[in-house]
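Since the structure comes first, as structure tokens, the remarks are kept for the end.
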Amino acid sequence: MRIVVVGKGGSGKTTTAAVVARTLARGGTPVIALDGDTNANLGISLGIGLDATEALVSLRERLDLGEAEHADDVDALLDRFGSEAPDGVRLAVATRVQAPEPGCPCCGLSIEQLLTQLQATGHTVVADLEAGIGTLTRLRPGGIDTALVVVEPTPRSIEVGLRVTGLAREKGATRVIVVANQVGGAEDVAAVRRAIDTDEVIGVPYDDAIVRADRAGTSPLDDAADGPAVRALVELAGMLSPSGVR
Amino acid sequence: MLRLAFVGKGGAGKSSIVGAFSRLLARRTGEAVLVLDSDPMPGLAFSLGVEPDDAGPPEEAVEPGPEGGPRYVLRPDWRPDRLVERAAVHAPDGVRLLQLGKSTGGGLTQPALHAYQQVIDALVPGSAPSMSQELDVRLGSSTPLHRWHAIGDLPGGTRQPFMGWGRFADTFLVVVEPSAKSVLAARRLAHLATGWSHGREFTVQAVANKVRDDADAGWIAERTRLEVIAAVPWDAQLSDADRSGRTPLDAVPDSRAIAAVDSLVARMLQRQEEPA
């Protein structure tokens with residue numbers, strides 16, 4: 001399964017991607033968490049820490065400058081530009097570089113090629129894509145299975161969410177779930193439902209514990225596990241799991 | 001004139017700050033303020049108080065460039081200062097907004113990108129005004145670019161803002177909120193800056209946003225290793241206005257956050273006056 005998480009910057013897509021990835025993994029699904037964002041901070045939400053996350057970002061930058069070795073194949077990409085994360089999730093960082101080598105597994109593949117190759121290793125891929133719409137625009141149809149569109153209940157965020165949802169469908173996503181994040185109550189979720197025409201909308205409540213985990217740079221699954229936001233995201237993972245996750 | 005680019009991770013509050021800052025700058029100085037919106041996603045329009053519009057610079061502003069040269073060049077009657085006059089959106093307080101087209105409105109085309117970049121390039125100090133621009137000034141038909149304050153709102157990624165859309169700036173203000181992710185993005189920007197030289201001096205400093213107490217600004221300074229020149233407090237009034245789609249400067253003009261942005265305007269103007 002190739003799951004992409006998309007939405008406006010700051011809406012909570014990285015947090016969503018991380019909690020979904022680890023929850024699926026806890027349920028027994030082998031998961032690769034792919035960070036395709038220029039601000040590559042999926043590692044922080046997964047729980048590997050700021051320093052380890054920064055080291056991976058720094059490595060991609062050195063690659064861009066010609067100061068690091070490219071990976072020959074997908075396994076080498078996972079090894080060299082990746083890290084073990086909690087719950088057995090493998091994190092791989094694949095931020096775009098200025099001068100990609102066409103066909104190079106670590107920098108020259110299109111997002112759909114990368115997703116497909118990673119899936120071929122037998123893993124479910126949860127990809128945190130570039131904030132906004134750019135990557136989706138460039139995606140070839142058929143490149144993804146499920147899109148999680150993260151939206152806050154604000155006009156600005158809904159505006160972006162609406163465009164992103166339409167685009168995900170155009171690109172052939174068989175399932176598009178809108179994640180209404182940081183909602184204050186049922187009315188917020190309703191506002192999102194009214195604006196975006198989609199079958200599946202899940203509300204994730206505003207949760208101070210998530211804000212605290214964000215400040216500390218830890219994973220919400222470790223530091224906010226009992227809160228309503230994590231509970232909702234675990235439920236979302238359950239909706240995605242091939243087997244049904246607890 | 002100020003040549004300022006606001007950068008930083010998405011969601012940190014850049015667009016909210018840029019919108020208020022630009023209008024407060026125009027009010028304080030009575031001078032021409034040009035806002036450059038380089039984000040392919042809508043957002044700045046809400047903070048300025050204009051209707052969101054997907055259009056970028058019009059395609060008719062450019063023509064194919066010479067053999068071996070840039071792909072598109074601005075047409076003679078669409079020189080940068082004329083382009084601003086003709087295509088920039090009118091915001092309140094006399095501010096003008098020139099935006100890169102939004103990517104889903106069909107506004108992000110190659111011609112539009114080139115036109116936008118050429119306005120930015122023309123704002124780089126030392127880009128000499130042309131003879132016809134000088135004439136225009138004397139005839140009063142458009143404000144030459146070197147007489148505009150230029151404030152940029154750059155998209156959230158860390159990829160080389162110092163080149164491309166940020167080329168015009170002599171100061172980069174990184175908007176940082178008190179979170180590890182925001183700090184990480186700021187550190188990468190600061191790191192990129194040290195390795196960057198395009199023959200010009202520039203400064204990178206931080207604006208701490210959504211701070212809840214004094215410790216937050218200090219924490220940000222320590223973790224980013226940047227000088228924090230302003231601390232904008234977490235402000236429920238501003239947050240509410242933002243979330244409901246109201247323009248903060250109009251809806252909550254007396255809020256603490258707006259006051260802090262106003263102080264930042266004063267500080268940036270004062271710094272401009274100081275001898276180098």
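Predicted model, so just to flag it, every value in this text is computed and none were measured. All values below were derived from every heavy atom in this structure, side-chain atoms included, with hydrogens, water molecules and symmetry-related copies excluded. Here is the naming used below: chain letters follow the sequence lines, and residue numbers restart at 1 for every chain.
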- Message: Tell me if the CG atom of A:Asp226 is crowded by more than 12 foreign heavy atoms within 6.0 Å.
- Response: no
- Counting only heavy atoms closer than 4.5 Å, note whether A:Glu54 contacts chain B via side chain, backbone, both or neither. both
- For B:Ser239, is it the side chain, the backbone, both or neither that has a heavy atom under 4.5 Å from a heavy atom of chain A? neither
- Task: Name the option with the most non-hydrogen atom pairs under 4.5 Å to chain B; the candidates are A:Pro153, A:Ala40, A:Pro155.
- Result: A:Pro155
- Identify the two heavy atoms, one from A:Asn41 and one from B:Lys9, that lie closest to each other, and give their separation to 0.1 Å. ND2-CE, 3.4 Å
- Task: Go through the steps to decide whether A:Asn39 and B:Leu184 satisfy the test side-chain contact (heavy atoms from CB on, under 4.5 Å), and finish with yes or no.
- Result: CA-CA 8 Å; A:Asn39 278 310; B:Leu184 177 56; over 6 Å; no
- Message: Would you say CZ of B:Arg256 has more than 12 non-hydrogen atoms from neighbouring residues, nucleotides or ligands within 6.0 angstrom?
- Response: no
- Query: So does A:Arg138 have more than 12 non-hydrogen atoms from other groups sitting under 6.0 Å from CZ?
  - Reply: yes
- Query: Given B:Arg188 and A:Ser58, is the side-chain contact (heavy atoms from CB on, under 4.5 Å) satisfied, shown in steps?
  - Reply: CA-CA 8 Å; B:Arg188 298 328 296 162; A:Ser58 171; 3.7 Å; yes
- Crowding at CD, B:Glu51 (>12 non-hydrogen neighbours, <6.0 Å): no
- Query: Which pair of heavy atoms, one from B:Ala180 and one from A:Leu50, lies closest together, and at what distance?
  - Reply: O-CD1, 4.0 Å
- Query: Any salt bridge between A:Arg215 and B:Glu177, counting N to O under 4.0 Å?
  - Reply: no
- Message: Testing the 3.5 Å rule here: is there a donor-acceptor pair between the side chains of A:Ser45 and B:Lys181?
- Response: yes
